[in-house]
Amino acid sequence: MDSSEQDLLKPESIPEGEDAAATVTDVLTEEEQEKLQKDLEKVEEEIQTLSQVLAAKERHLAEIKRKLGITTLSELKQNISKGLHDVASTTVYKKTSETLSHAGQKASAAFSSVGSVITKKLEDVKNSPTFKSFEEKVENIKSKVGGNKQTGDFGEVLNSAANASATEPLTEELENQ
């Protein structure tokens, strides 16, 4: 290229806006326009040729993969596997994994500890004087309502007392009629 062509291709020498094409063609000589038109056609032809070569290479690649039995799915699996391996081998992943493992162990120990504490507290409540007194009162109600039956556990006693309480208003209503 001669210096006049180089000057024409500099960004600052190309006007912008709606009148850009008219202004540039007014500045160019007919010979320069023809030269640029030939360059444009040559570059477009090269692009077309490269596109065709690329398409042919892609077809050839697909044929080779087909012959090797490589499917899109197997490629995807391989890429995912490689990606996971790459992530798993990073120090950030290893540190995060260790931290989460320790956190899980601590959480497990905490839940176990909470369960033990709750069990102990329930045993303490069951053995407390207040609970014993409540249990005795329930036993007394049971003996008054259900006779002198002394068998059964605490749950049966509560059910018996609840049933007796539920039927009392009906019994009184029937007697008043």
Side-chain angles (χ1 to χ4, degrees), residues 1-128 130-131 134-135 153-159 162:
M1 268 188 212
D2 65 11
S3 66
S4 65
E5 286 180 31
Q6 288 177 346
D7 289 340
L8 291 174
L9 296 177
K10 287 184 179 175
E12 62 271 3
S13 67
I14 300 174
E16 293 181 15
E18 293 179 12
D19 298 329
T23 307
V24 171
T25 54
D26 291 343
V27 175
L28 296 175
T29 66
E30 195 172 309
E31 185 179 309
E32 291 171 331
Q33 286 180 5
E34 287 176 21
K35 172 77 172 138
L36 287 175
Q37 187 65 36
K38 286 180 183 178
D39 284 346
L40 176 66
E41 290 171 4
K42 182 179 175 185
V43 170
E44 286 176 342
E45 187 179 311
E46 288 173 353
I47 291 171
Q48 182 66 30
T49 302
L50 290 172
S51 294
Q52 291 170 351
V53 169
L54 179 61
K57 294 276 186 189
E58 287 175 339
R59 284 191 300 272
H60 184 64
L61 174 70
E63 182 65 22
I64 291 171
K65 284 182 179 181
R66 186 187 61 75
K67 287 179 180 178
L68 290 173
I70 300 172
T71 63
T72 305
L73 181 60
S74 67
E75 280 187 286
L76 180 63
K77 286 179 184 177
Q78 184 180 7
N79 289 341
I80 290 173
S81 179
K82 184 183 181 308
L84 289 175
H85 180 300
D86 291 347
V87 168
S89 64
T90 64
T91 56
V92 172
Y93 176 83
K94 289 177 183 174
K95 286 181 181 179
T96 303
S97 178
E98 288 174 10
T99 302
L100 290 176
S101 176
H102 289 282
Q105 291 171 355
K106 287 183 180 181
S108 177
F111 286 130
S112 177
S113 176
V114 166
S116 298
V117 168
I118 290 173
T119 301
K120 173 124 176 54
K121 287 293 181 185
L122 287 174
E123 288 174 5
D124 291 348
V125 167
K126 188 175 178 185
N127 295 328
S128 72
T130 305
F131 187 80
F134 176 71
E135 194 173 27
D153 64 0
F154 182 68
E156 290 176 7
V157 172
L158 283 177
N159 286 335

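When reading the values below, keep in mind they use all heavy atoms of this one structure, side chains included, and skip hydrogens, waters and symmetry mates.
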Contacts of S74 meeting side-chain hydrogen bond (donor to acceptor under 3.5 Å, both in side chains) (sequence neighbours excluded), chain-then-number -> T71

Please tabulate, one pair per line, all N/O donor-acceptor pairs under 3.5 Å involving side-chain atoms of residues 96-114, not counting sequence neighbours.
| unit_1 | atom_1 | unit_2 | atom_2 | d |
| --- | --- | --- | --- | --- |
| T96 | OG1 | V92 | O | 2.8 |
| T99 | OG1 | K95 | O | 2.8 |

Would you tabulate the side-chain donor-acceptor contacts of residues 46-60 under 3.5 Å, counting partners in other chains and residues two or more places apart, or write 'none'?
| unit_1 | atom_1 | unit_2 | atom_2 | d |
| --- | --- | --- | --- | --- |
| T49 | OG1 | E45 | O | 2.9 |
| S51 | OG | I47 | O | 3.0 |

For L40, the side-chain contact (heavy atoms from CB on, under 4.5 Å) test, sequence neighbours excluded, returns Q37, E44

Residue pairs meeting salt bridge (Lys or Arg N to Asp or Glu O under 4.0 Å), one or both in residues 112-127, sequence neighbours left out, come to K120-D124

Would you give me the side-chain donor-acceptor pairs under 3.5 Å for residues 78-88, sequence neighbours excluded?
| unit_1 | atom_1 | unit_2 | atom_2 | d |
| --- | --- | --- | --- | --- |
| N79 | ND2 | E75 | O | 3.4 |
| K82 | NZ | D86 | OD2 | 3.1 |

